[in-house]
Amino acid sequence: AAKHGSKGSVAVFDAAMDQAQQERREFAEDLRRALAANELWLAFQPVVDIATSRVVYFEALLRWTHPTKGLVPPDRFIAVAETTGLIAEIGKWVLKTATRIAATWPDDIGVAVNLSPVQLGDERLDEMVFGALAKSGLDAHRLELELTEAVFIRHGERARSFIEKMNAVGVRIALDDFGTGFSSLGYLTRLPVHKLKIDRSFVSGQTALKERNAVISAVISMARALSMETTAEGIENEAELAWIRGLGCNQGQGYYFAKPLRAEDVQPFLDRRSRRRARKARISEPLA
Ligand code: C2E
Ligand code: MG
Ligand code: MG
Ligand code: MG
């Protein structure tokens, strides 16, 4: 019908637009309410040192349990939070909550927090980070912030000065979803970034193995040349871990190690792993 350009189809199209807009507005209202109603919570997924298999830190991942819709995935509501400006408030809550919870963990375990490119536009983001550290008592060296390449398109200079301030106090910076961005690699050499997180699509994706190998090897050798670490996201099975280990990646994250955990399950998870470690060490001890 649309190709005839009849008035009827235009009216239907407008109505659909209105409805989509209305739904977005309602969704945003709902999210605002959710924040106040404590429906948002953080899950924590371990990141493991591939050589030693020790947990190095946990990534904080935002969750929304909606009273009627159930669990809403972050990929859906973060975009809405970004377009409505609500991300500032949500981001602040995430930083405060993640640092407060991480301060209760063993002090060799860190926490990573995702920052939206929109948050980098906030001139007081650095103060917000310092405030969260001070209030929680978490050592700055235990905090890692995950940015995406998009921040360098949106806020090039500000992103750089923010990263430098974080570096000055020991907060680490990782580039998330690396390999999916705009890949102007020149900026990497000029930025004091500690780590590249290789996107899941190159680890457990549908892309042919040959291509994934090429991308990951290139990222790892570039990271080495620039003295950066690498973390592979989305390791789902033993074969993927063996392959990633062979390529020389420093750290791994994925369902093979653990799905994102509730805060109360973090310490039991660590205890289980250290018991398993102790058992393994005993077994491999030479018999007296
Ligand atoms: P991300 O930062 O790249 O986080 C990794 C995502 O991969 C998480 O999805 C995690 O649950 C998922 N994942 C980890 N291992 C595996 C695996 O082995 N297999 C599969 N299929 N998936 C795995 P999640 O929690 O749904 O988060 C999606 C994205 O939402 C995040 O991607 C991040 O970009 C954004 N996000 C989450 N929390 C926050 C937050 O607090 N602030 C901001 N700004 N963004 C957030
Ligand atoms: Mg991340
Ligand atoms: Mg990621
Ligand atoms: Mg990702």
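This is a predicted model, so every value here is computed, not measured. Counting starts at 1 for both ligands and their atoms, following the listed order.
The residues Arg33 and Glu39 are annotated as salt-bridged, a charged nitrogen and a carboxylate oxygen being separated by less than 4.0 angstrom.
Side chain of Arg262 to backbone of Leu42: no donor-acceptor contact under 3.5 angstrom is found. Remark: side-chain polar atoms of His194 are paired, donor with acceptor, to backbone N or O of Ile173 under 3.5 angstrom. A donor-acceptor pair is defined here as one N or O able to donate and one able to accept, closer than 3.5 Å; such a pair exists between the side chain of Gln119 and the backbone of Ser116. Side chain of Thr97 to main chain of Val94: no donor-acceptor pair is present (N/O by atom type, distance under 3.5 Å, no hydrogens or angles). Asp177 contributes no side-chain N or O that, together with a main-chain N or O of Thr180, makes up a donor-acceptor pair within less than 3.5 Å.
The residue from Leu62, Val203, Ile78 that puts a heavy atom closest to atom 36 (N) of ligand 1 is Ile78. Scanning Phe257, Tyr255, Tyr256 for the heavy atom closest to atom 23 (C) of ligand 1 points to Tyr255. Here atom 42 (N) of ligand 1 lies nearest to Asn114 when heavy atoms of Asn114, Leu40, Ile87 are compared.
Neither the backbone nor the side chain of Thr148 comes within contact range of ligand 1; no heavy atom lies under 4.0 Å. At a 4.0 Å heavy-atom cut-off, ligand 1 does not touch Lys259 at all. The proximity of Asp177 to ligand 1, defined as any non-hydrogen pair under 4.0 Å, is limited to the side chain.
In summary, Asp177 places no N/O/S atom under 2.8 Å from the Mg ion (ligand 2), failing the contact criterion.
Close approach of ligand 1 to Pro260 (heavy-atom distance below 4.0 Å) involves ligand atoms 11 (O). Those atoms of ligand 1 with a heavy atom of Ser116 less than 4.0 angstrom away are 44 (N). Using a 4.0 Å cut-off to heavy atoms of Glu236, the atoms of ligand 1 that qualify are 17 (C), 18 (O), 19 (N), 20 (C), 21 (N). Listed by number with element, the atoms of ligand 1 under 4.0 Å from a non-hydrogen atom of Val94 are 41 (O).
Remark: distances from the non-hydrogen atoms of Ser204 to ligand 1 are all 4.0 Å or more. At least one heavy atom of Glu59 sits less than 4.0 Å from an atom of ligand 1. Using a non-hydrogen distance threshold of 4.0 Å, Gln45 registers as a contact of ligand 1. Using a 4.0 Å heavy-atom cutoff, Pro73 is absent from the residues neighbouring ligand 1. Using a non-hydrogen distance threshold of 4.0 Å, Arg63 registers as a contact of ligand 1.
Distances between N or O atoms of Gln253 and those of ligand 1 include no value under 3.5 Å.
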Before giving the answer on salt bridge (charged side-chain N to carboxylate O under 4.0 Å, His left out), spell out for Glu146 and Lys195 the whole-Å C-alpha distance, their side-chain angles and the decisive distance to 0.1 Å.
CA-CA 9 Å; Glu146 300 193 0; Lys195 175 188 290 181; over 6 Å; no
For Arg32 and Glu29: C-alpha separation, side-chain torsions, deciding distance, then whether salt bridge (charged side-chain N to carboxylate O under 4.0 Å, His left out) applies.
CA-CA 5 Å; Arg32 203 180 303 278; Glu29 255 331 292; 3.4 Å; yes
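Around the Mg ion (ligand 2), the angle linking Glu59 (OE2) with Asp176 (OD2) is 180°, rounded to 10 degrees.
Atom-to-atom distance recorded for Arg200:CZ and Glu233:CD is 7.0 Å, nearest 0.5 angstrom.
The Mg ion (ligand 2) sits nearest to atom OE1 when only the N, O or S atoms of Glu146 are considered.
Minimum interatomic distance between Leu261 and Asp265 (heavy atoms only, all atoms of both residues): CD1-O, 4.0 Å.
Using cut-offs of 30° and 60° on the angle between ring planes, the pair Phe44 and Phe58 is perpendicular.
Centroid-to-centroid, the aromatic rings of Trp64 and Phe27 come within less than 6.0 Å.
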